[in-house]
Amino acid sequence: MGVRFRGWGIAVPDRIVTNDELSLTLDTSDEWITERTGIRERRIGGTTQSLGALAGRRALEDAKFSPDDIDFLVLATTTPDRIAPATATLIAHELGLSCAAMDVNAACSGFVYALRVAQGLLETGSRRILVIGAEHLSRWVDWSDRNMAVLLADGAGAAVLEYDPQVNDLLSFVLGADGGGADLLTCEHGGFFSMDGREIFRRAVRVVVDSAEKAMQAAGISADDLGLIIPHQANIRIIQAATQRLGIDMERAVVVLDRYGNTSSASIPLAFDDARNNGRIKTGEYALLTGFGAGMTWASAIVRWS
Ligand code: UT7
């Protein structure tokens, strides 16, 4: 019994905001942002619904599935457009789906959490699930706060998963949460994101390395067996530190944060899409998907592309 990836899609706003543009209104510089984060530009605009629906539609087209084929929609988002209803229901309506639809909020670990939820549903009777990671983070950024404004951005990515009795693409998961870190990265109702960047950085490297090692162990593979690491895109230095400790050379890491910034739940599918467009997804190869974020939460998964 297994789960197979059948299609992928992404959506990003047209509007590009460069580091130089942010430097016009903030006490920052392209040099600081590039050196400390790796981010050069980001996309700003849309809504969680509009971006998520477009990515979802593209994933359905990629899988050659119609809306009637889908029996569950799981949306990973930290930035639902409303408190109620779930943004998943708005996206489902826009796509012509009448199946179950719900949001999952695990911050930047959200996409991997949503894959784990989808796996559980497929093992217990669902047949085809649309998993979307979509964020409208710019809505919750104080654009006069250089700490957050240089990092967060908007975007969406989606995958269609199908039950398959013969094939299994999802080999292992290690998820976790530590609510003791809740105040390290937070956004109150009606407020803006704030963060203790240094402490998040420190913990992020630790939880990524720990969860990735456990996920590899559970899948029966070592770091040498990995074709790719597709990490959450928060900071190039976090990716460098984690890959170094895991013994994975940086050439195997997929990096898109230079173009998209930190898009939370959308960052892993955006990175996947980039890897696929560049011919880096190879049949039979293993990949590590790994995320961390507010909570703190963390999530690593080992996949094997069938
Ligand atoms: O999605 C998951 C959650 N988020 C993260 O993963 C973020 C994790 N943390 C980070 O990525 C990094 O900690 C940051 C990029 C947020 C900050 O980088 P840092 O190297 O940890 O810088 P810092 O906070 O230690 O600040 C260094 C200096 C400070 O000035 P002083 O005290 O040395 O004079 C800051 O005030 O840089 C200053 N600074 C800035 N300067 C220009 C902080 N933000 C900026 C800025 N532009 N945007």
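Residues: numbered from 1 along the sequence shown. One-based numbering, in listed order, for ligands and for the atoms of each. Heavy-atom basis, side chains included; hydrogens, waters and symmetry copies ignored.
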Any non-hydrogen protein atom less than 4.0 Å away from [atom]:
| atom | value |
| --- | --- |
| atom 30 (O) of ligand 1 | no |
| atom 1 (O) of ligand 1 | yes |
| atom 34 (O) of ligand 1 | no |
| atom 6 (O) of ligand 1 | yes |
| atom 19 (P) of ligand 1 | yes |

Which of the atoms in ligand 1, numbered in the order shown and given with their element, are less than 4.0 Å from a heavy-atom of [X]?
| X | value |
| --- | --- |
| Asn262 | 1 (O), 2 (C) |
| Arg237 | 18 (O), 19 (P), 20 (O) |
| Thr37 | 15 (C) |
| His232 | 1 (O), 2 (C) |
| Ile200 | 3 (C), 4 (N), 5 (C), 6 (O), 8 (C) |
| Ile238 | 6 (O), 8 (C) |
| Leu185 | 3 (C) |
| Asn147 | 43 (C), 44 (N) |

Is any side-chain N of the basic residue among [X] and [Y] closer than 4.0 Å to the acidic one's carboxylate O?
| X | Y | answer |
| --- | --- | --- |
| Arg206 | Asp210 | no |
| Arg57 | Glu61 | no |
| Glu162 | Arg4 | no |
| Glu21 | Arg15 | yes |
| Asp71 | Arg128 | no |
| Arg280 | Asp274 | no |

*Sub-3.5 Å donor-acceptor pair from the side chain of Trp143 to the main-chain atoms of Ser138, do we have one?*
yes
*asked:* Between Thr79 and His136 (side chain of the first, backbone of the second, donor and acceptor by atom type, cut-off under 3.5 Å), is there such a pair?
replied: yes
Protein heavy-atom partner closest to [atom] - residue, atom, separation in Å:
| atom | value |
| --- | --- |
| atom 12 (C) of ligand 1 | Asn235 ND2, 3.9 Å |
| atom 44 (N) of ligand 1 | Trp32 CH2, 3.4 Å |
| atom 47 (N) of ligand 1 | Thr28 OG1, 2.6 Å |
| atom 16 (C) of ligand 1 | Met195 CE, 3.7 Å |
| atom 38 (C) of ligand 1 | Arg146 NH2, 3.6 Å |
| atom 27 (C) of ligand 1 | Arg36 NH1, 3.6 Å |

*Please state whether Cys108 comes within less than 4.0 angstrom of ligand 1, counting heavy atoms only.*
yes
*Are more than 12 heavy atoms from other residues, nucleotides or ligands located less than 6.0 Å from atom CD of Gln244?*
no
*asked:* Please tell me whether Trp305 and Phe272 form a close aromatic pair, meaning their ring centres lie under 6.0 Å apart.
replied: yes
Is there a side-chain contact between [X] and [Y] (heavy atoms, below 4.5 Å)?
| X | Y | answer |
| --- | --- | --- |
| Val12 | Leu51 | no |
| Leu121 | Tyr163 | no |
| Ile239 | Leu257 | yes |

*Say whether Leu289 and Tyr113 are linked into one hydrophobic cluster, either directly or through other cluster members, by side-chain heavy-atom distances under 4.5 angstrom.*
yes
*Purely on distance, is any nitrogen or oxygen of Ser29 under 3.5 Å from one on ligand 1?*
no
*Judging by distance only, is a nitrogen or oxygen of Gly197 under 3.5 angstrom from one on ligand 1?*
yes
*Which option, Arg203, Gln233, Met296, Arg198, owns the non-hydrogen atom nearest atom 26 (O) of ligand 1?*
Arg198
